[in-house]
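Single-structure report; data block below.
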Amino acid sequence: SEKDYIIYLNNTEYNLEKEKRIIDSLFHMDIAGVIIAPVSSEHSHIMKLAEADIPYIYLNRAFEDDLSHCIRLDNQKASYEAVKHMINMGHTNIGGIFLNLKDSSCQEQYEGMLHAFKDYNIDYSTNNFLFDINPEEMDSSNKIFHFLQAPNRPGAIFASNDMIAFNIYRAAYILGIRIPDQMSVFGYDDCTMANFVTPPLSTVSVPNRQIASIAVDYIHHFQETGEYKTLPILKPSLIIRNSVKNLNYL
């Protein structure tokens with residue numbers, strides 16, 4: 001608004017084909033630039049925007065062949081620290097639920113978890129992980145429901161975003177699993193509702209306002225100068241609330 005832009009907002013609903021259709025439609029519009037959180041690692045259709053001199057920037061992505069357009073978060077370090085916190089609280093049976101490992105940010109989160117397990121000598125089972133979860137779909141909610149019914153379900157779960165964490169809360173409520181007494185949960189995003197659910201959700205705080213400001217400035221700078229700014233790698237931080245039980249004092 002301060003730079004006299006109007007936002008044209010589109011929701012891909014985690015659907016790659018819909019994302020491609022949206023990108024195709026933008027070629028025929030008089031737009032200043034595109035700010036996008038891609039649904040997968042496939043991004044060649046987005047790179048075509050450069051052929052039309054349309055500046056674009058990815059939110060929280062690290063595409064090696066297009067890094068100059070990526071606002072990156074240290075997702076690997078963030079998930080490492082989240083798992084480290086759960087380990088320090090006495091948890092050893094730790095699992096994770098992820099959107100999609102084709103998403104580079106989720107892949108980085110997963111790698112961060114595995115690095116923490118290795119550094120702290122934590123054994124883990126592939127059965128403790130659930131992938132390809134879309135929190136907006138009923139099928140994914142059912143997958144989480146069945147995941148929590150497994151006899152060896154994790155005692156602590158890292159969720160790749162807060163919406164997945166809320167789905168875990170819902171399934172746990174239906175199953176009569178008390179959080180954090182019987183199962184701990186750690187989220188990612190620190191969305192507004194994270195502090196209002198019961199118990200308040202421990203999560204990774206993503207600097208969304210900073211990301212948004214950098215993205216708009218990146219587009220605006222290109223429009224003013226015809227050059228791209230160098231983009232930083234941002235550092236998320238942990239927000240510790242009450243969703244992870246301390247097992248050290250039992």
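If you're wondering where the values come from, they're calculated on a predicted model, not measured in any experiment.
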Could you check whether any side-chain N or O of Asp162 sits under 3.5 Å from a backbone N or O of Cys191, counting only pairs where one atom can act as donor and the other as acceptor? yes
Counting neighbours of OH on Tyr5 that are heavy atoms of other residues, nucleotides or ligands and sit closer than 6.0 Å, is the number greater than 12? yes
In the single-linkage hydrophobic clustering (I, L, V, M, F, W, Y; side-chain heavy atoms under 4.5 Å), do Ile35 and Ile211 co-cluster? yes
Crowded around Lys18 NZ? As in, over 12 foreign heavy atoms under 6.0 Å? yes
Within 6.0 angstrom of Arg153 CZ, more than 12 heavy atoms from elsewhere: yes
CE (Met86) and OH (Tyr120) are apart, to the nearest 0.5 Å, by 12.5 Å
Angle class for the Tyr218/Tyr228 ring planes (parallel below 30°, perpendicular above 60°, tilted otherwise)? parallel
Side chain Arg72, main chain Ala62, donor-acceptor under 3.5 Å: no
Would you confirm whether Arg61, through its side chain, and Pro38, through its main-chain N or O, come within 3.5 Å as a donor-acceptor pair? yes
Ring centroid separation Tyr56 to Tyr58 under 6.0 Å: yes
What do you reckon, is CG of Asp181 surrounded by more than 12 foreign heavy atoms closer than 6.0 Å? yes
Between Gly90 and Asn248, what is the shortest heavy-atom contact and its length? CA-OD1, 3.5 Å
Ring-plane angle category for Phe158 and Tyr188, please: parallel below 30°, perpendicular beyond 60°, tilted otherwise. perpendicular
Identify whether Phe117 and Phe131 are in the same connected component of the hydrophobic contact network (ILVMFWY, side-chain heavy atoms under 4.5 Å). yes
Is the closest side-chain donor-acceptor distance between Glu227 and His221 under 3.5 Å? no
Can Asn75 and Asn60 be counted as having a side-chain donor-acceptor contact under 3.5 angstrom? yes
Can you say whether the rings of Tyr110 and Phe98 are parallel (under 30°), tilted (30 to 60°) or perpendicular (over 60°)? perpendicular
Angle class for the Phe166/Tyr169 ring planes (parallel below 30°, perpendicular above 60°, tilted otherwise)? perpendicular
Measuring from Ile23:CD1 to Met47:CE, what's the distance to the nearest 0.5 Å? 12.5 Å
His91 side chain vs Lys245 backbone, donor-acceptor pair below 3.5 Å: yes
Ignoring hydrogens and geometry, is there a side-chain-to-backbone donor-acceptor pair from Glu108 to Asp74 under 3.5 Å? no
Please confirm whether the backbone N or O of Leu201 pairs with a side-chain atom of Ser243, one donor and one acceptor, at under 3.5 Å? no
Could you walk me through whether His43 and Asp65 satisfy the side-chain hydrogen bond (donor to acceptor under 3.5 Å, both in side chains) test, starting with their C-alpha distance in whole Å, then the side-chain angles of each, then the deciding distance to 0.1 Å, before giving a yes or no? CA-CA 10 Å; His43 59 283; Asp65 60 344; 2.8 Å; yes
What I want to check is whether the side chains of Asn167 and Ser141 have a donor and an acceptor closer together than 3.5 Å. yes
Sidechain-backbone polar pair: Glu81 side chain, Ser237 backbone, donor-acceptor under 3.5 Å: no
Single hit among Leu148, Asn128, Ile179, Val244 for side-chain contact (heavy atoms from CB on, under 4.5 Å) with Ile157: Leu148
State plainly whether one hydrophobic cluster holds both Ile71 and Phe63, where clusters connect Ile, Leu, Val, Met, Phe, Trp and Tyr through side-chain heavy atoms under 4.5 angstrom apart. no
Of the options Leu175, Ile177, Ile144, which is the one that meets Gln149 in a side-chain contact (heavy atoms from CB on, under 4.5 Å)? Leu175
More than 12 non-hydrogen atoms from neighbouring residues, nucleotides or ligands closer than 6.0 Å to NZ on Lys20, yes or no? yes
Check whether the side chains of Tyr80 and Asp119 place a donor and an acceptor atom closer than 3.5 Å, and report yes or no. yes
Show your reasoning for whether salt bridge (Lys or Arg N to Asp or Glu O under 4.0 Å) applies to Arg241 and Asp190. CA-CA 11 Å; Arg241 297 191 177 102; Asp190 193 29; 2.9 Å; yes
Could you see if Leu238 belongs to whatever hydrophobic cluster contains Met113? Use Ile, Leu, Val, Met, Phe, Trp, Tyr and a side-chain cutoff under 4.5 Å. yes
Note: Pro180 and Asn242 closest approach over all heavy atoms is CG-O, 3.4 Å
Treat each ILVMFWY residue as a node, draw an edge where side-chain heavy atoms are under 4.5 Å apart, and state whether Phe186 and Ile168 are in one component. no
